[in-house]
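Letters A, B, ... mirror the listed sequences (proteins, then strands); counts begin at 1. Since we're looking at a predicted model, the values are computed, not measured.
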Amino acid sequence: MPAQTILQYPHPVLKKVCHTVTAIDEAIRGLIDDLIETMREGPGSVGVAAPQIGVTLRVCVIDVSGSRHGKDNNHGLLLMVNPEIVDRSGNAVMREGCMSVPDYTGDVERSTEVRVRFLDGADGSEREITASGFEAVAIQHEMDHLDGILFLDRIVSIKTGLFRRKNYK
Amino acid sequence: MTKDSVVHFALSVVGKDRPGIVAGTTGILYRLGCNIEDSSSTMLGGEFAMILIISHPKPFTKSRLLEEFRVLGEDMGLTVSARTMTPDEAEYRAPEGEICMLSVYGSDKPGIVYRVTKELAERSINITDLNTKLVGKKGEPVYVMMIEAALPEGISVDQVSAMLEEIRKELNVEISVRSITPVSL
């Protein structure tokens with residue numbers, strides 16, 4: 001399967017809420033292969049969501065095992081169909097960038113640990129994992145794409161938070 | 001539109017803070033047909049400061065731009081200045097290398113900004129953002145400085161931290177350095 005071109009904002013698909021996958025058939029398996037190829041092709045890419053290649057279905061692939069931040073704490077290649085976050089805890093800010101929004105980065109607050117339920121694209125089985133650290137950030141970022149949410153929608157501060165505080169007298 | 005067909009200016013607008021400075025400034029730019037390519041505006045101690053990189057199709061001059069701002073400047077008490085950028089300067093280059101955040105804080109004393117930034121400059125560490133603030137109690141002011149900087153090839157976050165050790169002791173300030181290089185997802 002060929003790597004696909006990553007769509008960039010303002011492509012309208014990136015702001016769509018994606019449809020639930022009803023069955024993991026040949027077409028979905030093909031989509032997953034395309035997503036994996038596209039992720040492998042992107043320099044340093046750790047995840048791609050279906051809308052980023054123009055498909056409005058709730059499918060994303062994630063693999064942080066090759067990245068500096070995720071190499072010691074990951075579940076390897078994750079093929080997520082209809083992922084849902086069933087539990088989350090902790091908060092941390094990380095500066096994120098996205099292949100669909102080039103040349104801009106911003107500080108985004110994410111849960112530090114997420115419990116995710118999804119259909120495993122590899123065999124169609126229902127699976128639940130608890131991810132933390134960078135893998136948890138990547139999962140939340142890719143899952144946001146499935147709801148048409150970009151990191152731009154989540155930037156917490158344009159300046160160091162310290163200076164945002166008002167005087168309390 | 002090719003970049004040779006437009007002229008770029010670095011424009012700054014500073015004045016006592018009040019509502020309407022941004023709208024007044026950008027209204028003029030809009031009517032003139034200027035593009036705001038990059039900008040940052042903030043309030044500092046009751047002053048509002050805007051820095052903008054703007055472009056306009058040629059021919060267009062700095063004197064024309066400043067003339068358009070004359071009335072607004074007088075009405076709102078703003079100091080407006082502009083610099084014509086060379087085509088080379090207008091070509092935006094994101095800083096390369098690891099981005100780090102330095103937190104520097106301690107009892108207020110002269111020289112904190114100078115001593116730290118001099119150390120960075122001597123090693124070609126490029127400051128991309130810097131904020132300082134005087135906080136704390138009246139009799140016991142605390143100086144806080146946040147610096148974002150791009151490290152040149154071959155300098156690590158740990159090395160930056162180590163090179164500031166002398167200043168930590170000498171000025172009796174806390175300095176922490178951490179990587180904030182964006183993750184690409």
Within 6.0 angstrom of [X] [atom1], more than 12 heavy atoms from elsewhere:
X	atom1	value
B:I51	CD1	no
B:Y105	OH	no
B:K109	NZ	yes
B:E122	CD	yes
B:E140	CD	no

Residue part contacting chain B, namely of A:M99, when any heavy atom lies under 4.5 Å:
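Contact with chain B is through both the backbone and side chain of A:M99.
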If I measure from the heavy atoms of chain B, does A:F134 come under 4.5 Å with its side chain, its backbone, both, or neither?
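Just its side chain gets close to chain B.
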Looking at A:H141, A:M39, A:H145, which has the largest count of heavy-atom pairs under 4.5 Å with chain B?
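Among the listed options, the one with the most contacts to chain B is A:H141.
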Could you report the tightest heavy-atom contact between B:L185 and A:E142, atom names first, then the distance?
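Heavy-atom minimum between the residues: C-OE2, 3.8 Å.
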Any chance you could measure B:M101, atom CE, to A:R95, atom CZ, to the nearest 0.5 Å?
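One finds 6.0 Å between CE of B:M101 and CZ of A:R95.
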